[in-house]
Engineer: 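Dropping a structure here in structure tokens format, bear with me for questions.
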There are 2 protein chains.
Amino acid sequence: MESSLTISIQDYLKHIYELTEGGQNASTNALSERLNVKPASVTNMVQKLAAAQPALVEYQKHQGVTLTKEGRKAALEVIRHHRLLEAWLVKTLGYSWDEVHEEAERLEHVISEDFERRMAAAMGHPLRDPHGELIPTADLVMPLEDSTPLSALRPKQKAKIQCVKNADAELLRHLEDLGLLPGAQIVIVDYSSFDHNLTVKSGAKVSVLGLNITGKIFVDYPG
Amino acid sequence: MESSLTISIQDYLKHIYELTEGGQNASTNALSERLNVKPASVTNMVQKLAAAQPALVEYQKHQGVTLTKEGRKAALEVIRHHRLLEAWLVKTLGYSWDEVHEEAERLEHVISEDFERRMAAAMGHPLRDPHGELIPTADLVMPLEDSTPLSALRPKQKAKIQCVKNADAELLRHLEDLGLLPGAQIVIVDYSSFDHNLTVKSGAKVSVLGLNITGKIFVDYPG
DNA sequence: AATACAATTTAGATTAGACTAAATTTATCG
DNA sequence: CGATAAATTTAGTCTAATCTAAATTGTATT
């Protein structure tokens, strides 16, 4: 009985959170895509959710959904579970960063708070998961990102890859082949609007555009 | 999509398996108790299950349920997950043997076969879980128990505790306090039908009857 | 063999979460 | 500013798993 929220409510909260990070509302259509549920079903669910849990979720017809502060915490709980699990599975069972997401996706809903604490402690309370994503703290605060999007860098700048966001397994494997994992040192070779050419420290030259990239690569502020 | 069985079907199979180990059928009432579901619901579910998965489950009105060979394998899969998870959680996250059951109960339904393999490999393919229960093999065979019920021992016999079955968390804590964990050396002090008195190696004298015992303690054949 | 009790099943209702099709609202753009 | 497209919601249906209450079947006992 650790949590009275059903699995799918946790999923709704998580995806509402992710869609509202930029400050906007989460539209039923956007949620529909992410959840693989038809828009009409999302409307229905979101209406019930807002009626049943007004402390978590705010909904207005045709305006989409937002989370309350408390709702955001509930979402961060799920995200913390997910990211700790990814880190844990990579560390203790040798999962690779492209395999680990799917497994964590299922486990995140069923682990106890005790499990969460034990994992965190066993890893020394890590700040980031294997993709470099920030892990919400135990008191459910999302730390501030202290790095910069790739597109903010100028040619010749040196940087270290910090985080690879929203990439699917195939892209992750590709990036790994190229050595573009979190921690990799890179130098910006050429740069124009969306044509990011960069060289990893080893000297290999890669076109990020050539990877048909959909996610974003974040890097440390260069020193 | 690893498995097309829903969670509750897995639970039905697992409990049918456990109830039919002695060769009998599993009655709807017995299942009802274990699953915390009303008998009428069990009948209903079991009828649907047998209709939908005749390769797994056999059902006859008023005669209860049995598993086919294939059904038994499906059940052993869940039991293997459970026992590997218990071993894994105890080993890597420091869970105690009385805490670990509940967590494994939830996780057993959502881990992948890959997860199962990785755990098994990481622990060197253990034969028993923390309670001493045998872990079904990777090809889903339940190994033969090579130890003996406590009640088969005679006074003065020495033995080593191998397995503590079906005990709840409270009893497990009590047994732990007394040093009666798997691996403990014991000597049978007195014995009469159900009044098992035994002495642990350390010298403490314990009445197993006094513990109001509900599970069974299995021990190695004494040498 | 008759009766009574327990176990099991049937029948019908309920709930949650999804779906489709149709209606409505909002946005866009000549 | 009105027409059309896109997004959203409404209304009604479906399925799975449960429930309760009532009916039935099986079992034991005298």
Side-chain angles (χ1 to χ4, degrees), chain A residues 1 3-16 19-20 22 24-54 56-67 71 74-75 78 105-106 108-110, chain B residues 1 3-16 19-20 22 24-54 56-67 71 74-75 78 105-106 108-110:
Chain A
M1 305 299 109
S3 154
S4 65
L5 299 174
T6 72
I7 280 190
S8 55
I9 292 186
Q10 289 189 346
D11 262 337
Y12 273 88
L13 293 178
K14 183 173 78 164
H15 285 107
I16 294 168
L19 286 169
T20 53
Q24 333 77 355
N25 285 14
S27 74
T28 47
N29 250 22
L31 272 172
S32 163
E33 268 191 39
R34 279 168 162 271
L35 294 163
N36 280 308
V37 156
K38 294 286 177 289
S41 310
V42 172
T43 299
N44 202 288
M45 192 60 192
V46 148
Q47 286 175 343
K48 278 201 259 181
L49 229 184
Q53 306 279 342
L56 300 183
V57 156
E58 277 162 2
Y59 167 72
Q60 300 209 120
K61 262 185 202 175
H62 296 277
Q63 301 304 132
V65 210
T66 334
L67 298 178
V78 184
E105 199 73 12
R106 272 174 286 113
E108 66 187 13
H109 304 293
V110 301
Chain B
M1 308 297 109
S3 153
S4 65
L5 300 173
T6 72
I7 281 190
S8 55
I9 292 186
Q10 289 188 346
D11 262 336
Y12 273 88
L13 291 177
K14 183 173 76 164
H15 285 106
I16 294 168
L19 286 169
T20 54
Q24 333 78 356
N25 285 14
S27 75
T28 47
N29 250 22
L31 271 172
S32 162
E33 269 190 38
R34 279 168 161 271
L35 294 163
N36 281 308
V37 155
K38 293 285 176 290
S41 310
V42 172
T43 299
N44 201 289
M45 192 60 193
V46 149
Q47 286 175 341
K48 277 200 261 180
L49 228 183
Q53 306 278 342
L56 299 183
V57 156
E58 277 161 3
Y59 166 72
Q60 299 209 122
K61 263 185 203 178
H62 296 276
Q63 301 305 132
V65 210
T66 336
L67 297 178
V78 184
E105 198 74 12
R106 273 174 286 113
E108 66 188 14
H109 304 293
V110 302

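So you know, we letter chains A, B, ... as the sequences are listed, proteins then strands, and number each from 1. As a basis for the values below, the full set of heavy atoms in this structure was taken, side chains included, without hydrogen atoms, waters or symmetry mates.
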Engineer: May I ask you to list the residues of residues 26-35 of chain B, by number, that have any heavy atom positioned under 4.0 Å from an atom of DNA chain D?
Structural biologist: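 Contacting residues: none.
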Engineer: What nucleotide among dC19(D), dT9(D), dC19(C) has an atom nearest to a side-chain atom of Tyr59(A)?
Structural biologist: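 Closest of the options to the side chain of Tyr59(A): dT9(D).
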Engineer: Grab the NZ-P distance between Lys48(A) and dA18(C) for me, whole Å please.
Structural biologist: 9 Å
Engineer: Pick base, sugar-phosphate or nothing for Val42(A), based on heavy-atom distances below 4.0 Å to the nucleic acid.
Structural biologist: nothing
Engineer: What's the CD-C1' distance between Gln10(B) and dA16(D), to the nearest Å?
Structural biologist: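 It works out to 16 Å between those atoms.
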Engineer: Starting at CD1 of Ile16(A), measure out to CG of Leu56(A) and round the result to the nearest 0.5 Å.
Structural biologist: 9.5 Å
Engineer: Between Ala74(A) and Leu13(A), which heavy-atom pair has the shortest distance, and what is it?
Structural biologist: CB-CD1, 3.7 Å
Engineer: Is there a side-chain polar atom (N or O) of Gln47(A) under 4.0 Å from OP1 or OP2 of dT8(D)?
Structural biologist: no
Engineer: Just N and O in the side chain of Thr43(A): are any of them under 4.0 Å from OP1 or OP2 of dT9(D)?
Structural biologist: yes
Engineer: Met45(B) has an atom CE; how far is it from atom C1' of dT10(C), in whole Å?
Structural biologist: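 To the nearest whole Å, that distance equals 18 Å.
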Engineer: So, OP1 or OP2 of dA18(C): does either fall under 4.0 Å of a side-chain N or O from Tyr12(A)?
Structural biologist: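 Yes, Tyr12(A) has a side-chain N/O under 4.0 Å of OP1/OP2 on dA18(C).
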Engineer: Heavy atoms under 4.0 Å is the rule here; annotate nucleotides 22-29 of chain D 5' to 3' with B where the base is hit, S where only the sugar-phosphate is, and - elsewhere.
Structural biologist: ---SS---
Engineer: Taking CG from Asn36(B) and P from dT18(D), how many angstroms apart are they, rounded to a whole number?
Structural biologist: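 So the two atoms are 11 Å apart, to the nearest Å.
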Engineer: Taking all atoms of both residues into account, what is the closest heavy-atom pair of Val65(B) and Leu31(B), and its distance?
Structural biologist: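 So the minimum-distance heavy-atom pair works out to CG2-CD1, 3.9 Å.
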Engineer: Search all heavy atoms of Ala50(A) against all heavy atoms of Tyr59(A) and return the closest pair with its distance.
Structural biologist: CB-CB, 3.8 Å
Engineer: Select one nucleotide: of dA17(D), dT20(D), dT10(C), the one nearest the side-chain heavy atoms of Lys38(B).
Structural biologist: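 The answer is dT20(D), which lies nearest to the side chain.
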Engineer: Can you tell me how far OG1 of Thr28(B) sits from CD of Gln63(B), rounded to the nearest 0.5 angstrom?
Structural biologist: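 Going from CD on Gln63(B) over to OG1 on Thr28(B), the span is 11.0 Å.
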Engineer: To check you understand the geometry: which heavy-atom pair defines the closest contact between Ser32(B) and Lys38(B), and what is its length?
Structural biologist: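 Between these two residues, the closest heavy atoms are OG-C, 3.7 Å.
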Engineer: Closest heavy-atom contact between Leu19(A) and Ala26(A)?
Structural biologist: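 Taking every non-hydrogen atom into account, CB-CB, 3.7 Å.
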Engineer: Distance from Met45(A) atom CE to Asp11(A) atom CG, nearest 0.5 Å?
Structural biologist: 10.0 Å
Engineer: Could you report the tightest heavy-atom contact between Val57(A) and Leu67(A), atom names first, then the distance?
Structural biologist: CG2-CD2, 3.8 Å
Engineer: Would you mind reading off the distance between Asn44(A) atom CG and dC19(C) atom P, rounded to a whole angstrom?
Structural biologist: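 From Asn44(A) CG to dC19(C) P: 11 Å.
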Engineer: The side chain of Ala40(A) lies closest to which of these nucleotides: dA16(D), dA21(C), dA21(D)?
Structural biologist: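 Closest of the options to the side chain of Ala40(A): dA21(C).
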